[in-house]
Amino acid sequence: MSISLSDIANLAKRRGFIFLSGEIYGGIAGFYDYGPIGFGIKRRILDDWWWFFVSSRDDVYGISPAIITSPKVWVASGHVDEFIDILVECARCKSRFKAETLLEEAGIKIQDFSMESVKNAIKNNNIKCPKCGGELSEPRCFNLMIEAHVGAVKDESSVVYLRPEIAQGMFTNFKLISAIVGARLPFGIASYGKVFRNEISPRGFIFRLREFEIAEIEYFIDPNEQNNCALFSEVENIEVKIWTKEEQKRELEPKERTIGEAFNEGIFSNMWHAYWAGKAVEWLISIGIKPEHLRLREHLETELAHYAKQTFDIEYYFPYLGWKEIVGIANRTDYDLRRHTNMSGEKLYLTKNGKEFYPYCIEPSFGIDRIFLAIITEAYTVRDGKIVLRLHPKVAPYDVAILPLLKKPKFIAKAKEINTMLKLERFATYIDFSGKIGKAYAKIDEIGIPFAITIDHKTFEDNTVTIRFRDTKNQIRIQVSELAKKLRELKYNYIMQ
RNA sequence: GCGCCGGUAGUCUAGUGGUAGGAUGCCGGCCUGCCAAGCCGGUGGCGCGGGUUCGAAUCCCGCCCGGCGCACCA
């Protein structure tokens, strides 16, 4: 029996993972609130991401740029031009078209894509609906960036944009950061946070959102050293399905390759691009995604973003949605630093042997909410008609549950004592003495807590408790004094099945 | 944004014009004492707004939200 999106949404609602935002007023499409369990999991994902890509490394620096910044940033980045679509609608069949595509197909070239010139071009060339031949409506502007206003007066000069990506915060701070940290190439700047895109129709539970969390690294390399990656041995042997654009065009299946093989085949735009694709896959697997549910898919030329030379999506196989993007790894070249240098006048380039040059940039960009959904989907299993969420302990909402076998004062007191002890050891504990033990086990299985400590009669004889394993229901008995050590061992040596 | 379908306790669901019912969850009690046992009691609902009608969960209109298809997804 395969799981559906509504199974996931149902669990999410029932157990406090995630809810439609403002639901008491009917909600708002594309915006969701994370509840206690969901945010517990999401925070663990973000923490582990930060550890893997920032804290555990010496070459990546973490920052936190503002969500709203100078609107000029978005002009320079190309988002003001590229992120705005002018749409026309057929008055008869109601189909909508991008004005740009429509004019292109009609072989008409116009200099500027202002509303006026699009309107005139359509009128003067008597362009009709390509589907039904009907009359086209007035062009309308659809901006994928969400606008806001700052200051007391709400006019054109007060317009700001909610960031549609974090990357620009890394580029605009490039000079300051590289000077402060004394960074030498190659090095990266990383961040995570909320971004906003005015999607036309958000769909698929939390799959397409208007406000979502992205974690990004902008990794800067010397354009003359693109194929000199000293860290390549870290990823060389990682195996993953890779689907090149040629294979897609020729309708061939994706092929299993190691990152090393793929690089040697010339599939990646450079060695660092291959390296970061490998690291992204490595991380996803380390938090519980099965390798067979992942693949790297190269963007076709028509899909490439305005800034990208080559992009690979890491796609995850959602049983109810098919293969969908959860991570993108783009080679942005020197596009952004060059644009910002030209627009701002600041020198966002480096000097080597007296020669000025722009670093190239490889950008791994992680859609955290989609990864959250993938992790929940991956973990969702049914045992004896009950849901067991087999999350990796690293991303479980709590480390351990503490349950008294009986709801008697001395059992509860002992549970509280152990709870306090483990909290002092920095475990995220979950204590529950509200119901019966079987019911408590079922509940913690559903929210994915990997281990449960049970206080039973024997506890009062010899100060031992049992640790019960979510995945097997097996129990082991252990001295209370050994608990912290054992739990730490279990958490970090956990092997996904 | 267009088209089709839908929206009843936290969740699942019965109810097609006449007193909203059940299951589950949640809270309390009894009992039991290691994997959602049982019994008793309690809590909680017709997405929002307008209209038709003596009377609307039910019919009509608008909106909001969701699902599917199209379009969109740099």
Side-chain angles (χ1 to χ4, degrees), chain A residues 4-7 9-16 19-32 35 74 77-85 87-98 100-101 130-131 137 140 142-145 164-165 167 195 197-205 207-210 212 299 302-308 311 313 320-321 324-325 328 330 332 365 367 383-388 401 403-408 411 434-446 452-458 465-466 468-470 472-475 477:
Chain A
S4 70
L5 189 53
S6 60
D7 292 334
N10 196 302
L11 174 69
K13 185 81 181 289
R14 200 157 41 80
R15 288 299 187 197
F19 324 97
L20 189 60
S21 189
E23 209 180 4
I24 59 167
Y25 294 105
I28 175 164
F31 298 89
Y32 279 83
W74 305 110
S77 71
H79 285 83
V80 168
D81 290 333
E82 301 286 339
F83 228 68
I84 292 176
D85 287 334
L87 299 177
V88 288
E89 194 177 277
C90 171
R92 196 195 296 168
C93 74
K94 304 289 178 196
S95 302
R96 300 178 103 206
F97 307 93
K98 275 174 88 165
E100 200 179 338
T101 324
K131 268 196 183 162
S137 68
R140 275 193 292 173
F142 192 85
N143 190 347
L144 280 98
M145 285 197 287
E165 62 168 26
V195 300
R197 295 181 194 180
N198 199 6
E199 298 286 352
I200 297 172
S201 70
R203 285 249 179 116
F205 187 39
F207 190 78
R208 177 163 301 144
L209 296 168
R210 288 182 168 136
F212 55 104
H299 275 203
T302 50
E303 293 177 88
L304 283 175
H306 60 275
Y307 50 70
T311 299
D313 282 346
Y320 41 83
L321 293 172
K324 294 286 180 184
E325 175 194 4
R332 295 179 79 128
S365 174
R383 178 175 66 203
D384 305 329
K386 286 170 283 188
I387 297 164
V388 181
L403 312 171
L405 181 63
L406 304 182
K407 220 179 352 173
K408 288 182 178 164
F411 285 80
S434 62
K436 290 164 185 135
I437 194 77
K439 213 166 174 179
Y441 287 147
K443 180 172 177 181
I444 63 170
D445 284 347
E446 272 198 343
I453 293 163
T454 307
I455 289 99
D456 60 12
H457 292 101
K458 205 156 184 291
V465 291
T466 64
R468 180 257 192 196
F469 299 91
R470 174 196 65 202
T472 58
K473 294 162 64 175
N474 290 341
Q475 284 179 304
R477 186 163 284 279

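Side chains included, hydrogens not; waters and symmetry mates left out as well; all remaining heavy atoms used. Numbered from 1 within each chain, the chains take letters A, B, ... in sequence-line order.
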Gap in Å between the two [atom1] atoms, one belonging to [N] and one to [M], rounded:
N: B:rG33; M: B:rG47; atom1: C1'; value: 45 Å
N: B:rG21; M: B:rC27; atom1: P; value: 25 Å
N: B:rG18; M: B:rU11; atom1: C1'; value: 30 Å
N: B:rA56; M: B:rG42; atom1: C1'; value: 30 Å
N: B:rC12; M: B:rC4; atom1: C1'; value: 25 Å
N: B:rG28; M: B:rA20; atom1: C1'; value: 26 Å
N: B:rC46; M: B:rG7; atom1: P; value: 15 Å
N: B:rU43; M: B:rA23; atom1: C1'; value: 16 Å

Can you tell me the base-pairing partner of [N]? Count Watson-Crick or G-U wobble geometry only, both distances below 3.5 Å, and say none if there is no partner.
N: B:rU16; result: none
N: B:rG49; result: B:rC61
N: B:rA36; result: none
N: B:rG10; result: B:rU24
N: B:rC70; result: B:rG1

Figure out the [atom1]/[atom2] separation between [X] and [N], and round it to whole Å.
X: A:Phe205; N: B:rG66; atom1: CZ; atom2: C1'; answer: 12 Å
X: A:Leu209; N: B:rG66; atom1: CG; atom2: C1'; answer: 14 Å
X: A:Arg208; N: B:rG1; atom1: CZ; atom2: P; answer: 16 Å
X: A:His306; N: B:rC73; atom1: NE2; atom2: P; answer: 14 Å
X: A:Asn10; N: B:rU24; atom1: CG; atom2: P; answer: 16 Å
X: A:Ile24; N: B:rG44; atom1: CD1; atom2: C1'; answer: 16 Å
X: A:Tyr25; N: B:rG49; atom1: OH; atom2: P; answer: 12 Å
X: A:Glu23; N: B:rG47; atom1: CD; atom2: C1'; answer: 10 Å

With rounding to the nearest 0.5 Å, note down the distance linking CD1 in A:Ile387 to NZ in A:Lys443.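 Separation between the atoms: 14.0 Å.
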Rounded to the nearest 0.5 Å, what separates atom OH in A:Tyr307 from atom CZ in A:Arg332?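 Interatomic distance, A:Tyr307 OH to A:Arg332 CZ, rounded to 0.5 Å: 4.5 Å.
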Under 3.5 Å donor-acceptor, A:His306 side chain and A:Ser77 backbone: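 Pair found, side chain donor or acceptor close to backbone of A:Ser77.
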May I ask you to say what [X] touches in the nucleic acid, namely base, sugar-phosphate or nothing, with a heavy-atom cut-off under 4.0 Å?
X: A:Gly385; value: nothing
X: A:Leu403; value: nothing
X: A:Leu20; value: sugar-phosphate
X: A:Tyr307; value: base

Are [X] and [Y] packed together at the side-chain level, in the sense that at least one heavy-atom pair is separated by less than 4.5 angstrom?
X: A:Ser365; Y: A:Glu165; result: no
X: A:Gln475; Y: A:Thr454; result: yes
X: A:Leu406; Y: A:His457; result: yes
X: A:Leu209; Y: A:Phe31; result: no
X: A:Val80; Y: A:Met145; result: yes
X: A:Tyr320; Y: A:Ser6; result: no
X: A:Glu325; Y: A:Phe207; result: no

Table of protein N/O atoms under 3.5 Å from nucleotides 31-36 of chain B N/O atoms:
unit_1, atom_1, unit_2, atom_2, d
B:rG33, N2, A:Leu405, O, 3.4
B:rC34, O2, A:Tyr441, OH, 2.8
B:rC34, O2, A:Gln475, NE2, 3.2
B:rC34, N3, A:Gln475, NE2, 3.2
B:rC34, N4, A:Asp456, OD2, 2.6
B:rC35, O2, A:Arg468, NH2, 2.7
B:rC35, N3, A:Arg468, NE, 3.1
B:rC35, N3, A:Arg468, NH2, 3.4
B:rC35, N4, A:Lys473, O, 2.9
B:rA36, OP2, A:Lys386, NZ, 2.5
B:rA36, N6, A:Glu446, OE2, 3.0
B:rA36, N1, A:Arg15, NH2, 3.3

Using nucleotides 5-9 of chain B, report all nitrogen or oxygen pairs with the protein that are shorter than 3.5 Å.
none

Residue closer to the 5' end of RNA chain B, A:Glu303 versus A:Tyr32 (nearest nucleotide):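 Comparing both residues, the 5'-ward one is A:Tyr32.
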Give a yes/no answer on whether the side chain of A:Lys13 brings an N or O atom under 4.0 Å of OP1 or OP2 in B:rG10.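 Answer no for this pair, as no side-chain N or O of A:Lys13 is under 4.0 Å from OP1 or OP2.
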So among A:Arg470, A:Arg383, A:Lys473, which one has a side-chain hydrogen bond (donor to acceptor under 3.5 Å, both in side chains) with A:Asp445?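 Only one of A:Arg470, A:Arg383, A:Lys473 forms a side-chain hydrogen bond (donor to acceptor under 3.5 Å, both in side chains) with A:Asp445, namely A:Arg383.
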